[in-house]
Structures are given as C-alpha cells and as structure tokens.
**Student:** 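What follows is a structure written as structure tokens; I'll ask about it next.
Each chain gets a letter, A, B and so on, in the order the sequences are listed, and its residues count up from 1.
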Protein chains: 2
Amino acid sequence: MRERADLIPELAEIFREYGFEGASLAFITERTGLGKGSLYNFFPGGKAEMAGAVLEHISRWFEEDIFVPLEQGGSLSEMLSHVKTYFAGGGRVCLVGMFALTETRDQFAVQIAAYFERWEVALVAYLVRQGKHPAEAQAGALDILVTIQGGLTLSRARNSPQYFLQGLKRLRQDYQG
Amino acid sequence: MRERADLIPELAEIFREYGFEGASLAFITERTGLGKGSLYNFFPGGKAEMAGAVLEHISRWFEEDIFVPLEQGGSLSEMLSHVKTYFAGGGRVCLVGMFALTETRDQFAVQIAAYFERWEVALVAYLVRQGKHPAEAQAGALDILVTIQGGLTLSRARNSPQYFLQGLKRLRQDYQG
DNA sequence: CAAATTGTGTACCATTTGGTACAAATGACA
DNA sequence: TGTCATTTGTACCAAATGGTACACAATTTG
C-alpha cells in the first residue's frame with residue numbers, strides 16, 4: 001500500500017518522459033504498478049489532477065531549494081549548482097517549460113507563469129542585493145532564466161549537455177558577485 | 001481543389017498551436033476544411049507524414065533565409081531581424097523546439113537534431129569570418145541558439161515577448177561585427 | 001476485536017483516436 | 001467530348017483513450 005505523496009515524483013518522471021498527452025492512463029498504471037482504482041483514489045480528477053500535483057510539487061521544491069536561498073543570502077553560484085544537479089547536467093527536461101510549449105499550456109497557464117515569475121523575482125532580489133540597479137537586475141534575471149531554459153531545450157534536442165553546461169558557465173562568469 | 005504544398009503551412013500552424021498529439025485528425029479536417037480522403041491522399045503516412053513534411057518545410061525556409069545568407073556574407077543583425085519576424089517577436093512558438101521536448105521527440109529526433117546542428121554550423125562559419133577563434137566562435141554559436149530558444153520558451157510561458165526580445169537585444173550587443 | 005476508513009484490482013463504459021475503403025466528383029488532356 | 005488520373009467526402013473500423021462502478025483487501029482506530 002502506498003500513499004499519494006510517494007506517487008508524485010514517479011508521475012513527474014513519467015510526464016517528463018512522455019508529456020501530458022503522451023502519458024496514457026494505461027501506461028501510468030503499468031509504470032507505477034497501481035491500478036486505476038488506486039490512481040483515481042489519490043487523484044479523483046484524473047490525469048489533470050496528477051499533473052497539477054506534480055507542478056505543485058516542483059514549485060515547492062524550487063521555492064525551498066532555489067528561491068528562498070537566493071533571497072536570503074545564498075550565492076548565484078550556489079543556485080546554478082543546484083540547478084545543474086536538478087536537471088541532471090542537462091539530461092533532464094524542465095517539465096514546466098515543456099508544458100508551456102504544448103497544448104497542455106492553457107490548462108496550466110497560471111501555474112506555469114507563476115513558476116517563472118517567482119524565479120524571476122528571486123533573481124532580481126539577488127542581483128539588487130549585489131548592488132545592481134533595478135533595470136540592470138531585471139535584465140540579468142531574464143538573461144539567466146532564458147539561458148537555463150534554452151540550454152535545456154537544446155541539450156534535449158541535440159542530445160548533448162553542452163548547451164546547458166556552457167550556458168551555466170557563462171552565467172557564472174557574467175554574474176559572479 | 002487544393003494541392004499538397006498549400007496545406008503544409010496550415011498544418012504547421014495547427015501543430016504549433018496544438019502539438020503533435022494534441023492535433024487530432026478530426027481537428028485537422030475541421031480546420032483545413034478537407035476530409036480524411038484528401039488528407040490521406042496527400043499524406044498517405046498520416047499524421048506522422050504531415051509533421052515530417054512540416055519539419056522539412058521549416059528546414060528549407062531556414063536554409064534559404066537564415067543559414068545560407070549567414071554563410072555568404074550576411075550580417076548577424078540581419079539574421080536576428082529575420083528570426084524576430086519569423087517568430088512574430090516572440091508570439092510564435094518554435095515547432096522544432098516543441099517537438100524536441102515532447103514525446104514526439106524520438107519520432108523526429110534526426111530532423112530535430114539536424115535543424116539545430118545546421119544552424120550552429122552556419123553561426124560558427126559567420127563568427128569565424130568575423131575574426132573569432134574557432135573555440136570562441138563555437139561558444140558564441142551555442143550562446144546565440146540557447147538565447148533564441150530560451151527566449152521563445154519563456155515568452156510563451158509568461159505570455160510576454162520581453163524574454164525573446166531582450167535576448168535578441170543582448171545578442172546584437174555582444175556579437176555586433 | 002469490530003467497525004469504519006482507506007487502498008486496490010478488475011470489469012466495464014462511451015467516446016475518440018488514427019486509419020481504411022470506396023464511390024462520386026473534379027480536373028487535365030487528347 | 002471521352003478518357004484517365006487526381007481529388008474529395010462519407011461511411012466504416014479496430015484499438016486505445018480517460019473515466020466510473022464496485023467488490024474485495026488492508027489498514028487504522030474506537
């Protein structure tokens with residue numbers, strides 16, 4: 001017997017690999033080893049609720065491990081290290097970015113936008129604390145987000161982590177405090 | 001009566017909006033106004049062949065309007081302008097990037113990788129011509145691709161073109177010949 | 001230990017999916 | 001004009017889809 005919380009990381013991995021539409025209920029059943037009964041017991045709203053829970057889980061992780069540290073004295077270098085680990089050095093896809101591009105987007109638009117906005121706010125706070133002017137900090141935050149997202153997309157597309165890794169390297173140089 | 005070539009841009013727009021899995025045959029028939037008979041007449045391989053044709057069409061456009069000019073004396077600024085127009089200033093999604101992230105990826109992995117590799121080659125050629133050392137040119141090419149892709153993803157996610165537009169602006173500054 | 005609660009598997013459902021068959025309409029062309 | 005190939009709509013199909021119903025097993029809890 002399992003509980004809902006244990007399932008969420010598994011579901012996250014499944015959606016990461018197959019997308020929202022691509023991950024059929026039949027496949028989710030097979031991969032988790034749970035029947036529909038259990039699945040719909042934990043997530044009465046079906047696939048949509050599963051994906052929602054996964055997004056929430058991701059948001060919480062970033063909130064604790066990335067955003068808050070960034071706002072409370074952590075360094076950018078530290079953040080980039082955590083990000084690098086989280087995305088397996090470019091081998092793991094950003095589920096939020098993926099949902100943002102596909103048809104799933106409308107369904108989760110609010111959570112998707114909130115995730116990136118929150119990240120941006122934390123980055124701006126960090127850069128201002130480093131002595132940058134607000135406009136400069138804003139531009140820097142966008143640059144950092146864009147470089148991470150783009151690196152992940154291209155690393156996936158070319159099946160090579162170099163895009164992601166080199167992006168992180170440049171960010172370290174350009175924004176070292 | 002229509003012909004195959006006219007259909008491809010329509011299909012491209014449909015896939016862009018709904019993704020590969022999300023664009024059902026029923027919807028494609030409705031949107032194009034063509035029955036399955038016509039669709040399967042032009043694309044006997046079904047949806048997969050439609051998407052393949054769309055990717056090929058996109059590749060050809062970039063080859064002629066982006067890659068070749070870049071290798072034959074065009075400026076980076078010129079390329080960035082074309083790219084900006086093509087992606088509607090950040091309002092249009094990169095279909096190749098989208099396919100790269102979703103489950104569709106395996107099916108079209110070769111075309112997806114080739115598209116970005118080709119772009120990278122053209123950029124390296126341009127930067128070397130500008131007097132950069134090969135390693136520097138390579139790093140610059142990756143940076144440019146990453147910034148464009150990331151900008152598109154984030155602009156879509158936040159429903160705001162600023163990520164894409166500011167990325168382009170930075171590229172203009174950092175790589176002006 | 002009994003009773004309520006929670007978790008689980010299976011059988012089932014209507015709907016939608018991508019795809020096929022084929023006859024009728026349309027066009028090019030001699 | 002008559003022939004032939006292409007184009008088109010419709011009716012069909014098996015398989016897969018997300019979802020529900022429900023009986024049974026495992027827990028908690030009084």
**Student:** For DNA chain C, note the earliest and the latest nucleotide, 5' to 3', having some atom under 4.0 Å of a heavy atom belonging to chain B.
**Tutor:**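 Answer, 5' to 3': C:dT17 to C:dG27.
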
**Student:** For residues 109-118 of chain A, please give each side-chain donor-acceptor pair under 3.5 Å, one per line with the distance, not counting sequence neighbours.
**Tutor:**
| residue | atom | partner | partner atom | Å |
| --- | --- | --- | --- | --- |
| A:Arg118 | NE | A:Glu63 | OE1 | 3.0 |
| A:Arg118 | NE | A:Glu63 | OE2 | 3.4 |
| A:Arg118 | NH1 | A:Glu71 | OE2 | 3.1 |
| A:Arg118 | NH2 | A:Glu63 | OE2 | 2.9 |
| A:Arg118 | NH2 | A:Glu71 | OE1 | 3.0 |

**Student:** Run through the side-chain heavy atoms of Ile, Leu, Val, Met, Phe, Trp and Tyr, join any pair under 4.5 Å, and report what else lands in A:Val124's cluster.
**Tutor:** A:Val128

**Student:** Could you write nucleotides 22-30 of chain D as a row of B, S and -, 5' to 3', where a protein heavy atom under 4.0 Å of any base atom gives B, of only sugar-phosphate atoms gives S, and otherwise -?
**Tutor:** ----SS---

**Student:** Could you list all the ring pair (Phe, Tyr, Trp, His ring centres under 6.0 Å) pairs where at least one residue sits in residues 132-174 of chain B, not counting sequence neighbours?
**Tutor:** none

**Student:** With sequence neighbours left out, what residues match A:Phe27 under ring pair (Phe, Tyr, Trp, His ring centres under 6.0 Å)?
**Tutor:** A:Tyr18

**Student:** Of the residues in residues 15-30 of chain B, which ones touch DNA chain C at a heavy-atom distance under 4.0 Å?
**Tutor:**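 B:Ala23, B:Ser24, B:Leu25, B:Ala26 - these, ordered by number, are the residues of the stretch whose heavy atoms sit under 4.0 Å from the strand.
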
**Student:** If you assign each of A:Lys36 and B:Lys36 to its closest nucleotide in DNA chain D, which residue comes earlier from the 5' end?
**Tutor:**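 Nearest nucleotide further toward 5': that of B:Lys36.
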
**Student:** Between A:Arg156 (side chain) and A:Gly151 (backbone), is there a donor-acceptor pair under 3.5 Å?
**Tutor:** no

**Student:** Taking only residues at least two apart or on different chains, which pairs with a member in residues 23-47 of chain B satisfy side chain to side chain donor-acceptor pair (under 3.5 Å)?
**Tutor:**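 Every side chain to side chain donor-acceptor pair (under 3.5 Å) pair that includes a residue of residues 23-47 of chain B, provided the two are not neighbours, is B:Glu17-B:Arg31.
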
**Student:** Where along residues 39-58 of chain A does a heavy atom fall under 4.0 Å from DNA chain C?
**Tutor:**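 Per residue number, the list reads A:Asn41, A:Phe42.
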
**Student:** Does A:Phe15 have any ring pair (Phe, Tyr, Trp, His ring centres under 6.0 Å) partners at least two apart in sequence or in another chain, and if so, which?
**Tutor:** A:Phe20

**Student:** With sequence neighbours left out, what residues match A:Ser75 under side chain to side chain contact (heavy atoms under 4.5 Å, CB included)?
**Tutor:**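 If we apply the side chain to side chain contact (heavy atoms under 4.5 Å, CB included) test to A:Ser75, skipping adjacent residues, the hits are A:Ser77, A:Glu78.
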
**Student:** Are A:Tyr86 and A:Asp65 linked by a side-chain donor-acceptor pair shorter than 3.5 Å?
**Tutor:**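 There is no such pair between these side chains.
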
**Student:** Taking atom NZ as the centre, does B:Lys84 end up with more than 12 heavy-atom neighbours from other residues, nucleotides or ligands that are less than 6.0 angstrom away?
**Tutor:**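 Result for NZ/B:Lys84: open.
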
**Student:** If we ignore angles and hydrogens, is there a donor and acceptor under 3.5 Å between the side chains of A:Arg92 and A:Ser155?
**Tutor:** no

**Student:** Check side chain to side chain contact (heavy atoms under 4.5 Å, CB included) between A:Gln130 and all other residues, then give those that pass, not counting sequence neighbours.
**Tutor:** A:Tyr126

